[in-house]
Amino acid sequence: MDKVFLHQLTKAIAFVCLCSILLFPVVVDGQERVDQYKETLDTLERVVPGLAQRVDLSFNKTPLPEVIRSIGMSNQINFVIDQSVTSTITYSFSDVSAKDVILFLCREYNLELLFSGRIIKITSFQEKKILLYSPPKIKKEGEGGLLSVDLKADSAQVVAKYLTELSGINVVCAPEVRGKLLSGFYSKVALPALLELIAASNNLDVSGVNEGYLLKDQSQLPANNSASSATRQYRTGTNLGSSAIKVVSRTKITANTAGIGLKELIEEVFRQCHLNYFLLNEPEGKTSVNVQDVTLSDLLNAIFRGTKYSYAVNDSIYYIGEKTTEGIRKTEIYRFKNRAVTGISEIIPESARKDLTIKEFVEQNSLIIGGDPLAVKDFAFLLQKIDQIVPLVLIEVMIIDNQTGYIISTGITAGVGETPATSGGTILSGVDYTLSGSSINKLLNSFSGFGSANLGKVNPNFYLSIKALEEQGVIKVKSTPLLTTLNGHEATLKVGNTQYYLEETSDFIVTQSTQQRTTKRYNSVNADFTLKLVPYVSGYEQITLEVAVDQSDFTDRISKEAPPGQTSRSFKSIIRVQNGEMILLGGLESSTQKESGSGVPLLSRIPVVKWFFSSRTKEKKATKLNVFIKPTILL
C-alpha cells in the first residue's frame, strides 16, 4: 500500500513540475544577456574601433533613437533602430566608451542587440514564453448529435480522439495525417458532414471504414482522383473548369485562373493556406488571376481591388464582405511627423479621398481616416509621401538708396537792412568733396535701368562696409531685415512713412440768416516700401525666388496745405540662386530736376548783364534703389 501511494505521489509531483514549466515563461536573466552582448561587442571592437572611442554627451528628455543615432554618427558605428524603441531619456555621459553607453542603455531600457557583420540592430527585448497546451474547442450542441468545432492549428490525431469521445463513433487518422495541424470553424454540423468540411478545408480526404471514418492525405489518392503535386486541379460543386492554384506558404502563392468565381477562388486559397475565414457577404462575380509567388494579402488586394468587396483580419480570422459592412470598415489615425495637419485634407485629390471619411485632429496633428481597409492603406501610403520635412529658408535683405545730385546757386542779391551789414564770410570755398567706397559705388552705379547680378558667396563683413558709407551721405542703408519662411510661402517686408495735409470744408447753413461753418480735417498719405519674396527650394540646393518690390516716395508740396506729391517705383522678377549666395537687384531710379530764378525785369534777361541783376538756383538729384538678397536653407 505504501509503495502504491509513493508511486502515485511521485507521479503527482512530476505532473506539477511539468505544469510549472509549461505555465510559466522561461526568462533569461537580464544581466546574463547584457554580458553576452559585451562579449560580442568586445570581438566586434577589432573591426569597429568606434566602439572603444570615448564620448561626452548630455541629453535632456531626448528620444532614445536620437541618442543612439548621435553616437553612431560621431563614432562611425552602423546602427539600425527598430520602431519599438520609443523611450525618452535624460542622462549625461562623460569620458566613457560608446560600447559602455550601449550596454548601459540595454540594461536600463531592456533593449536587445542583433548582430549582422558590422551592423548592430537595436530593438526592444521580448521575453520568450512557453504556454500550456490547450485542447481543441469541440462541443456538443443539444441532443441531436450536432457538433461545433473551432480549430486553430490543432493536431489531427488529438481532434480525431475528441470527436470519437463526443460522438461515440470511431474517427481515426492515417499515419501520414497524425501530425498534421487542422484549422477551421464549423457550427452545429453532424459528424459525417463535419468530417467532410474538415477534410475539404485542410487538403484531406475522408472515407468510411468498419464502424467509423478514416482521415487520409489527399495527395495519397490515385492519380485519376488527384492532380500532380506541382499544381493541384480542383473542382467544387460548380463546374468551373480547370484552374491551377498552388500554395507553398502564406507568403508564396501562385494562381492561374480564368473566369473563376470569387467565392470559389477564396475558398480554395484559404483551404490550402489552412486559415480561418468568415464570409459576411457571399462574393458574387468572376475574376481572372495570374500571379506567381505573392503573399496572401497581395492576392486578396488584387482580386478585391475595383470591386465592392474587401476584407479585415481580427484574431487571425479573415472577415470577407462588402466594404460598407460593419466589421470590414477600418478606422486609422495617421499622425504627421514633419508638417502641420491643417489644410492637408483640402490639397489631396478627390480621387484619393473617394469612399473615405477624413477628419482633421488638430490637437494631435493627425488625420482620422475611416473606410475600406484597402483604401485606408493606400491613403496612408500617400500621406507618408506628403509627410516630408518642408525646408525653412532664412532670407537676409539689405535695402540701399544710392543718391547723387547737385545744387548750383548763382547771382547777386542786394538790399537794405535795419542795421548796418557786417563784412565776412568765405570767398572761393575751395574744392570740398568726400570720396566714398569707390568699389561699392561703381557696383551700384553700374545698374542702368533694371538689372540683377549674382555676387556669389560673400563675407559677413560685407555688411559693415556698406553701413560705413551712410556717414558719407552717398549711400543710405534703409533697412537690413532678416525674414524666415517655409518653402513655397510668401515673406513680406513693409517699411512706410506717413505725412498729413490739411483739408478744410465750408458749409453754409440757411435759417433766418445765412451762417458759414468751416471744418478742418487732417488726412494722411502713406509712402511705403514693400518687398515680397516667395522661395522655392529645388534639388542641388538651388533656390528659385519670386521677388516683387514696390516703393513710393514723397515729393515737394505745391502749397503748404496741399497733399505731398508722390513718386512710385516697382518691379517683379523671378531669379535662381545657390544656397547661401547673394544677389543684387537694382535699377529702380527716380530723378528730380529744379531750376528757379529771380531778378530785375528786363535786365535779368540780357546776356552777361543778367548775372549782376538776378539770382538763379539749379538742382538735380537722382536716387537709385538697390536690394541685396541672400537666401539660406536652414532645414
Tyr318 vs Phe270 aromatic rings, parallel, tilted or perpendicular, using cut-offs 30° and 60°? perpendicular

Counting distance only, does the side-chain N/O of Asp293 pair as donor-acceptor with the main-chain N or O of Lys252 below 3.5 Å? no

CG-CG distance between Leu151 and Leu181, expressed to the nearest 0.5 angstrom: 10.5 Å

Do the non-hydrogen side-chain atoms of Ile89 and Leu105 ever get within less than 4.5 Å of each other? yes

State whether the number of non-hydrogen atoms from other residues, nucleotides or ligands found under 6.0 Å of Gln388 atom CD is greater than 12. yes

Lys152 side chain reached by Phe185 side chain, heavy atoms, under 4.5 Å: no

Pair Phe104, Tyr91 - check ring pair (Phe, Tyr, Trp, His ring centres under 6.0 Å), show working. CA-CA 11 Å; Phe104 172 78; Tyr91 278 113; 5.2 Å; yes

Apply side chain to side chain contact (heavy atoms under 4.5 Å, CB included) to residues Ile260 and Thr287 and explain how you reach the verdict. CA-CA 6 Å; Ile260 186 175; Thr287 185; 4.3 Å; yes

Kindly say whether Ala153 contributes a backbone atom to a donor-acceptor pair with the side chain of Ser183 at under 3.5 angstrom? yes

Do Pro136 and Leu182 touch side chain to side chain, with heavy atoms closer than 4.5 Å? no

When Leu531 is tested against each of Val547, Thr492, Asp550 for side chain to side chain contact (heavy atoms under 4.5 Å, CB included), which residue passes? Val547

With a cut-off of 6.0 Å (strictly less than), are more than 12 heavy atoms of other residues, nucleotides or ligands near CD of Gln578? yes

Can you tell me if CZ on Arg576 sees more than 12 non-hydrogen neighbours from other groups inside 6.0 Å? no

Any idea which heavy atoms bring Phe336 and Leu383 closest together, and the distance? CZ-CD2, 4.0 Å

Is a side-chain N or O of Thr90 found less than 3.5 angstrom from the main chain of Lys61, in a donor-acceptor match? yes

Using a cut-off of 6.0 Å, state whether more than 12 heavy atoms not belonging to Phe278 lie near its atom CZ. no

Determine whether the aromatic ring centres of Phe379 and Tyr334 lie less than 6.0 Å apart. no

Does the pair Lys180 and Leu204 meet the rule for a side chain to side chain contact (heavy atoms under 4.5 Å, CB included), with working shown? CA-CA 10 Å; Lys180 189 175 180 65; Leu204 300 177; 3.5 Å; yes

Determine whether a donor-acceptor pair (N or O, by modelled atom type, separation under 3.5 Å) exists between the side chain of Ser148 and the backbone of Lys188. yes

State, yes or no, whether a side-chain contact exists between Asn487 and Tyr536 at a heavy-atom distance under 4.5 Å. yes

So Thr295 and Ile253, do their side chains get closer than 4.5 Å, heavy atoms only? no

Atom pair CG (Leu392) and CG (Leu486), whose distance is rounded to the nearest 0.5 Å: 6.0 Å

Any side-chain heavy atom of Asn579 sitting closer than 4.5 Å to one from Thr632? yes

Applying side chain to side chain contact (heavy atoms under 4.5 Å, CB included), run through Leu382 and Asp378 and close with a yes or a no. CA-CA 6 Å; Leu382 174 63; Asp378 292 343; over 6 Å; no

Leu367 vs Val341 side-chain heavy atoms within contact, under 4.5 Å: yes

Does a side-chain heavy-atom distance below 4.5 Å link Leu197 with Val149? no

Backbone of Ile119 reached by a side-chain donor or acceptor of Asn78 within 3.5 Å: no

Only one of Lys323, Lys308, Arg305 passes salt bridge (Lys or Arg N to Asp or Glu O under 4.0 Å) with Asp372, and that residue is Lys323

Please determine whether the number of non-hydrogen atoms from other residues, nucleotides or ligands lying under 6.0 Å from atom CG of Leu634 exceeds 12. yes

Could you tell me the separation between the OG1 atom of Thr342 and the CG atom of Asn365, rounded to the nearest 0.5 Å? 7.0 Å

Asn276 side chain to Gly184 main-chain N or O, any donor-acceptor pair under 3.5 Å? yes

Side chain to side chain contact (heavy atoms under 4.5 Å, CB included) evaluation trace for Val269 with Leu299: CA-CA 10 Å; Val269 170; Leu299 177 62; 3.9 Å; yes

